[in-house]
Amino acid sequence: TPMPGWLEEGLATIVEDNTRTNYSESSSIECREDGWYGTDMNGNWGTYPFQNLTVYDASVPGIYYYYSASCFWVYIEEQYGVDKVKQIIQQVVQHRLPLTENFCDGSQQTFFFIRDIVNPVIGEDISSVTRSRWGFDQFFSDCQ
C-alpha cells in the first residue's frame, strides 16, 4: 500500500489496544501532544517522546515506534473523527497496487500517503503536525 510501514504497525497497535477491544493481554497507552504515556519495557510507567518514524534506532525498543505510530491514528481520530480514519483506510485499499508491483521501484511512486490520501480526506494539510511529532512530512514513504 502507499502507507508507510510504521503507520501500518501503528494502526495494528491501536486496533489491539485493550481499551478498544477488552482483550486483557494487550497494552494500552495514552497519546499526548508531546509523546505517549504508558509502560516502558521494564513495566515502569512514564511519558516517552514520540519516535521519529523516518529514522530507525536499533537501541530503541520497537514497541516505542509502534506506540508513536499508533498516536498518529489517535490524533486523526481525536481531531477529525473515527469516520475519517475509516475513510483513510478505504482510500489506502483503493490505491493499493497488485502484488507484482512495487511503490519503491521508482516507477510507481506517483502519490504519497499524507499528501494524496490523508490531507484530501481530512480537508487540510497536517504536515506541520506530522513533522513536529513524528518527523515526517507529506512526502514520507516506506521507500525512504
Side-chain angles (χ1 to χ4, degrees), residues 1-21 23 25-97 99 101-144:
T1 70
M3 187 186 328
W6 281 122
L7 296 180
E8 289 181 19
E9 294 297 342
L11 185 58
T13 300
I14 197 172
V15 168
E16 68 186 15
D17 184 315
N18 66 10
T19 62
R20 296 169 183 271
T21 65
Y23 179 63
E25 294 298 317
S26 62
S27 61
S28 180
I29 63 164
E30 178 184 315
C31 297
R32 298 179 174 173
E33 191 169 321
D34 59 349
W36 54 271
Y37 176 78
T39 59
D40 67 10
M41 296 306 293
N42 298 314
N44 300 312
W45 287 91
T47 301
Y48 302 91
F50 293 127
Q51 296 301 309
N52 181 328
L53 298 179
T54 66
V55 179
Y56 179 69
D57 179 349
S59 69
V60 174
I63 195 70
Y64 291 12
Y65 287 94
Y66 288 23
Y67 289 161
S68 294
S70 70
C71 288
F72 166 82
W73 294 104
V74 170
Y75 171 81
I76 296 295
E77 182 179 10
E78 288 177 350
Q79 296 298 311
Y80 304 99
V82 71
D83 286 339
K84 294 298 183 185
V85 173
K86 292 175 185 178
Q87 289 173 28
I88 290 167
I89 294 167
Q90 289 168 346
Q91 288 297 309
V92 166
V93 170
Q94 182 179 341
H95 287 91
R96 71 178 179 230
L97 292 173
L99 291 176
E101 297 184 42
N102 182 350
F103 276 106
C104 299
D105 69 5
S107 64
Q108 298 296 327
Q109 190 66 56
T110 58
F111 60 91
F112 294 89
F113 178 67
I114 298 295
R115 183 191 73 184
D116 299 321
I117 294 178
V118 175
N119 289 344
V121 167
I122 64 174
E124 65 183 339
D125 183 4
I126 63 166
S127 297
S128 63
V129 173
T130 60
R131 190 178 311 104
S132 67
R133 292 186 185 189
W134 302 285
F136 62 89
D137 63 15
Q138 63 182 329
F139 299 111
F140 178 47
S141 76
D142 207 23
C143 303
Q144 295 174 323

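Keep in mind it's a predicted model, so treat the numbers as computed, not measured. What's counted below: heavy atoms across the whole structure, side chains too, no hydrogens, waters or symmetry copies.
In this pair, W36 and Y67 present their aromatic rings perpendicular. The plane angle is above 60°, beyond the 30 to 60° band. Y65 and Y56 have tilted rings, their planes meeting at an angle from 30° to 60° on a 0 to 90° scale. The aromatic rings of F113 and F72 sit tilted, their planes meeting at an angle between 30° and 60°.
Once rounded to the nearest 0.5 Å, the distance linking CD1 of I63 with CD of E9 reads 9.0 Å. To the nearest 0.5 Å, the span separating CH2 on W73 from CG on L7 amounts to 6.5 Å. Atoms CD and CD, on Q94 and Q91 in that order, are 4.5 Å from each other to the nearest 0.5 Å. D137 contributes atom CG, which lies 9.0 Å from atom CD1 of I114 (distance to the nearest 0.5 angstrom). In this structure, SG in C71 is found 11.5 Å from CD in E77, a value given to the nearest 0.5 Å. Note: Q51 CD to D57 CG = 7.5 Å, rounded to the nearest 0.5 Å.
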Pair F139-R115, side-chain contact (heavy atoms from CB on, under 4.5 Å): steps then yes or no: CA-CA 7 Å; F139 299 111; R115 183 191 73 184; 3.3 Å; yes
Are I89 and L11 close enough, and set up right, to give a side-chain contact (heavy atoms from CB on, under 4.5 Å), and what steps lead you there? CA-CA 10 Å; I89 294 167; L11 185 58; 3.9 Å; yes
From CA spacing to verdict: side-chain contact (heavy atoms from CB on, under 4.5 Å), W6, Y66: CA-CA 7 Å; W6 281 122; Y66 288 23; 3.1 Å; yes
Which is it for T54 and W134 under the side-chain contact (heavy atoms from CB on, under 4.5 Å) test, yes or no, and what are the steps along the way? CA-CA 8 Å; T54 66; W134 302 285; over 6 Å; no
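Between Y75 and C31 there is no side-chain heavy-atom pair separated by less than 4.5 Å. Under the 4.5 Å side-chain criterion, counting only non-hydrogen atoms from C-beta, Y48 is not in contact with V60. Between E33 and R133, the closest side-chain pair of non-hydrogen atoms falls below 4.5 Å.
Of the possible polar contacts, none joining the D34 side chain to the P49 backbone as a donor-acceptor pair under 3.5 Å is found. Within the 3.5 Å criterion, the main-chain N or O of N44 finds no donor-acceptor partner in the side chain of N42. Under a 3.5 Å cut-off, the side chain of T130 and the backbone N or O of F136 do form a donor-acceptor pair.
Minimum heavy-atom separation, T39 to G43: CG2-O, 3.8 Å. Scanning all heavy atoms of the two residues, the minimum distance from S127 to N119 falls at OG-ND2, 4.4 Å.
In terms of the salt bridge (charged side-chain N to carboxylate O under 4.0 Å, His left out) criterion, residue partners of E30 (sequence neighbours excluded) are, by chain and number, R32.
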